[in-house]
Amino acid sequence: MLLFPSTIAPCGFISAPKCYRRVKGFLRRRQGQTSRRKRISESCLSDEHIRSFISENTEVVVGRSLTPEIKLRLFTPVCRFWRERPELWPFTDPYWAIYWPGGQALSRYILDNPDVCRGRAVLDLGSGCGASSIAAQLCGAARVVANDIDPVAAVVTKMNCELNNAEPPVCVTDDIIGSDPAGFDLILLGDMFYDETLADSLHKWLDCCIKTNSTDVLIGDPGRAQFEGHDIRKLLHHLAQFELPESVKEENYGLISSNVWCYHSKL
């Protein structure tokens, strides 16, 4: 997914999920370290170096999500940086290392309804670990572009595609919200409505995409307050609800299910 700004919590529920607390530790304990320094260090590293580091510090997870058929490299309690001092992490904050509930529901819906993506050009906005991109590829999408502003997420997405024998998508690390995404039939967004300002920007941009290019839009969200209370909810058609696996419920306090919505500029 697009990386959560370091000053904004992505969950609007009573308490942050365990997995978010783990990532949030990077934010809290790395105060004083500039993101500029981190970005410079990333740009100086080869994909091979990043791949090696990620391989050593993540676990391949299978069967503990709504999409057990998809393998992903994620943070788990057996990983070094689940307990290591966050200031030792050499990259920007690793939000790609968590398989968030909205993305799980979105990927599950795609796998259950392959015609949604088959033969179409798909943009996975805020792609994170790349699960929705992988689901789209496995369902026969003609073209998939994964967009995440973290360049490490792009490397991880390609690694996860290899785990699943899926063609890697084109990975774009520019912030494309507000641009003209001409040429896409479908835009996917999982767990993107975590902040009111961003939600406003997404609402305006998605509405323009639909009106200008007749783009279809699918949104995955577990019911965050910023999403449920936003005006965009009036323009959504509910497609599916998925009960979260017990392990995901445990990691996400207050969440028991996740939903998929179809967005139209007019209903």
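For clarity, every value in this text was computed on a predicted model and none was experimentally measured. Note that these values count all heavy atoms, side chains included, but never hydrogens, waters or copies made by symmetry.
E59 CD: more than 12 foreign heavy atoms inside a 6.0 Å radius. When the shell of 6.0 Å around CG of L163 is examined, it contains more than 12 heavy atoms from other residues, nucleotides or ligands. Heavy-atom neighbours of K249 NZ from other residues, nucleotides or ligands within 6.0 Å: above the threshold of 12.
Looking at D191, its side chain does come within 3.5 Å of a backbone N or O of G103 through a donor-acceptor pair. For D174 (side chain) and I176 (main-chain N/O), no donor-acceptor pair under 3.5 Å exists by modelled atom type. Judged purely by atom type and a 3.5 angstrom limit, N147 has no side-chain atom pairing as donor or acceptor with the backbone of D124. A donor-acceptor pair is defined here as one N or O able to donate and one able to accept, closer than 3.5 Å; such a pair exists between the side chain of R83 and the backbone of P77. Remark: the backbone N or O of T197 is paired with a side-chain donor or acceptor of D195 at under 3.5 angstrom. No donor-acceptor pair closer than 3.5 Å links the side chain of D47 to the backbone N or O of H49.
No side-chain donor-acceptor contact under 3.5 Å links H203 and D231.
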Item to complete: Before giving the answer on side-chain contact (heavy atoms from CB on, under 4.5 Å), spell out for L218 and V116 the whole-Å C-alpha distance, their side-chain angles and the decisive distance to 0.1 Å.
Response: CA-CA 10 Å; L218 295 181; V116 168; 3.5 Å; yes

Worksheet item: Between V170 and V172, is a side-chain contact (heavy atoms from CB on, under 4.5 Å) present by the stated rule, with each step listed?
Response: CA-CA 7 Å; V170 175; V172 176; 4.3 Å; yes

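Using a 4.5 Å heavy-atom cutoff, the side chains of S201 and W205 are not in contact.
As a member of the Ile/Leu/Val/Met/Phe/Trp/Tyr network built from side-chain separations under 4.5 Å, V61 groups with I70, L72, L74, Y99, L111, I134, L138.
Closest approach of S132 to L106, counting heavy atoms only: OG-CD2, 3.8 Å.
The pair R80-E56 fails the salt-bridge criterion, with no side-chain N (NZ, NE, NH1 or NH2) lying under 4.0 Å from an Asp/Glu carboxylate O.
Here the two rings, on W89 and F53, have centers that are under 6.0 Å apart. A ring-centre distance under 6.0 Å is not found for W261 and Y263.
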